[in-house]
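Below: one structure, written as C-alpha cells.
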Amino acid sequence: MKELQKHKDALSKKSSDVASSTTKTEGSEVRGLTNKEKLTITIIKKLSMVVDYVILFLSLAILIIGVYSIWDTNQVFQVASSEQYEMYKPDSTDGLS
C-alpha cells in the first residue's frame, strides 16, 4: 500500500512539474526554453506575420483587379452598343473594293 502511495505522489509531482514548465508562446512569458529556441519562435512569429500580410495584399490586389475588369467590360459594352451607333445599311453605291 505504501508503494502505491509513493507512485501516486511521484505521478502528481511529475504532472505538476510538467504543468509549470509548459511554454506559453502567445503570452510574453516563455519558460523552459533556451535563448536559441526563444529566438527561433520569435523569427517564426515574424515570418508568419509577413506571410499573413502578403496574402492580405495579394487578396486585395485580386479583388481590385476583378472590380476594375467588371467596370471596364461594362464601359466597353456601353460604347459598343447599337444605341450609340446607327445600324449599317448597305446601299447600291457600296460595293466590293
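As a basis for the values below, the full set of heavy atoms in this structure was taken, side chains included, without hydrogen atoms, waters or symmetry mates. Residue numbers start at 1 and run along the sequence shown. What you are looking at is a predicted structure, and each value in this text was computed from that prediction instead of being measured.
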Say you draw a straight line from [atom1] of [X] to [atom2] of [Y]; how long is it, rounded to the nearest 0.5 Å?
X   : Y   : atom1 : atom2 : result
I70 : I65 : CD1   : CD1   : 12.5 Å
D72 : F77 : CG    : CZ    : 10.5 Å
T42 : K38 : OG1   : NZ    : 9.5 Å

Of the non-hydrogen atoms in T34 and E37, which two are nearest, and what is the gap between them? N-OE1, 3.0 Å

Check the pair K46, I43 against side chain to side chain contact (heavy atoms under 4.5 Å, CB included), reporting the backbone distance first and the verdict last. CA-CA 5 Å; K46 300 281 184 193; I43 290 171; 5.7 Å; no

Are L58 and V50 connected, step by step, through hydrophobic side chains (Ile, Leu, Val, Met, Phe, Trp, Tyr) whose heavy atoms are closer than 4.5 Å? yes

Would L60 and Y53 show up in the same hydrophobic cluster when neighbours are defined by side-chain heavy atoms closer than 4.5 Å? yes

Just by modelled atom types, is the Q75 backbone N or O under 3.5 Å from a matching donor or acceptor in the Q78 side chain? no

Look only at the side chain of T73 and the backbone of S69, and say whether a donor-acceptor pair between them is shorter than 3.5 Å. yes

Side chain to side chain contact (heavy atoms under 4.5 Å, CB included) test vs S59 passes for just one of L56, I62, L63, I55, namely I55

